[in-house]
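FYI, side chains are in, hydrogens and waters are out, and symmetry mates aren't considered; it's all heavy atoms of this structure. Numbers here simply count residues along the sequence, with the first being 1.
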Amino acid sequence: MCRNIKTLFNFEPPATDDEINASALQFVRKLSGFNKPSQANEAAFDRAVEEVTAAAHRLLTSLHTHAPARDRATEAEKAKERSRLRFG
């Protein structure tokens with residue numbers, strides 16, 4: 001899985017439209033193998049990003065949990081610590 005795609009569910013504040021779109025863009029880039037598609041593939045690429053963004057919105061709004069919402073700052077600190085331990 002692409003390391004740039006972050007978990008977006010169960011955060012306070014909720015994921016923004018920009019975060020969801022960025023996640024969709026990374027997903028489509030990974031699937032297609034294109035960082036920037038050619039002109040011939042641009043329409044299909046852009047359409048895929050729009051469709052994945054819409055699907056991600058539907059998914060995030062339909063999910064439910066009883067777990068408390070996670071804090072973005074706390075999760076970022078945990079990620080930095082994991083990186084520090086892994087890479088020194």
Side-chain angles (χ1 to χ4, degrees):
M1 189 53 135
C2 186
R3 293 184 187 160
N4 293 333
I5 298 175
K6 306 293 184 215
T7 300
L8 299 177
F9 177 62
N10 197 28
F11 277 98
E12 194 56 49
T16 65
D17 290 343
D18 288 341
E19 289 173 314
I20 295 170
N21 189 57
S23 180
L25 176 61
Q26 288 296 327
F27 182 72
V28 172
R29 284 177 173 169
K30 186 70 168 184
L31 287 178
S32 67
F34 300 135
N35 189 34
K36 180 168 175 22
S38 65
Q39 285 183 334
N41 293 319
E42 189 171 14
F45 186 90
D46 291 343
R47 185 174 56 252
V49 172
E50 289 173 17
E51 291 172 359
V52 171
T53 299
H57 271 288
R58 286 191 304 274
L59 173 65
L60 292 173
T61 58
S62 67
L63 294 174
H64 301 282
T65 184
H66 294 291
R70 294 178 282 184
D71 179 77
R72 291 179 187 279
T74 303
E75 295 299 319
E77 282 300 317
K78 287 180 188 177
K80 286 179 187 176
E81 180 62 17
R82 284 191 304 269
S83 178
R84 188 189 65 76
L85 291 172
R86 182 174 179 192
F87 299 111

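Rounding to the nearest 0.5 Å places CD1 of Ile20 at 14.0 Å from CG of Leu25. Atom CZ of Arg82 is separated from atom CZ of Phe87 by 11.5 Å, given to the nearest 0.5 angstrom. Rounding to the nearest 0.5 angstrom, the gap separating the CG atom in Leu63 from the OG1 atom in Thr61 is 8.0 Å. Residue Glu42 holds its CD atom at 5.0 Å from NZ of Lys36, rounded to the nearest 0.5 Å.
Of the possible donor and acceptor atoms, one in the side chain of Arg29 sits under 3.5 Å from a partner among the backbone N and O of Asn35. Side chain of Ser23 to backbone of Glu19: no donor-acceptor contact under 3.5 angstrom is found.
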Result block: side-chain N/O donor-acceptor pairs under 3.5 angstrom for residues 43-56, not counting sequence neighbours:
{"unit_1": "Thr53", "atom_1": "OG1", "unit_2": "Asn21", "atom_2": "OD1", "d": "3.1"}
{"unit_1": "Thr53", "atom_1": "OG1", "unit_2": "Val49", "atom_2": "O", "d": "2.8"}

For residues 64-71, dump all side-chain donor-acceptor pairs below 3.5 Å to protein atoms at least two apart in sequence or in another chain.
{"unit_1": "His64", "atom_1": "NE2", "unit_2": "Ser62", "atom_2": "O", "d": "3.3"}
{"unit_1": "Thr65", "atom_1": "OG1", "unit_2": "Ala67", "atom_2": "N", "d": "3.1"}
{"unit_1": "Arg70", "atom_1": "NH2", "unit_2": "Phe9", "atom_2": "O", "d": "2.6"}
{"unit_1": "Asp71", "atom_1": "OD2", "unit_2": "Ala73", "atom_2": "N", "d": "3.1"}
{"unit_1": "Asp71", "atom_1": "OD2", "unit_2": "Thr74", "atom_2": "N", "d": "3.0"}
{"unit_1": "Asp71", "atom_1": "OD2", "unit_2": "Thr74", "atom_2": "OG1", "d": "3.1"}

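Checked for salt-bridge contact, Lys78 and Glu75 meet the test: a charged N lies under 4.0 Å from a carboxylate O.
Listed by chain and residue number, nothing satisfies the side chain to side chain donor-acceptor pair (under 3.5 Å) test with Ser83 (two or more places apart in sequence, or in another chain).
Phe27 and Phe34 end up in the same hydrophobic cluster when Ile, Leu, Val, Met, Phe, Trp and Tyr side chains are linked at under 4.5 Å.
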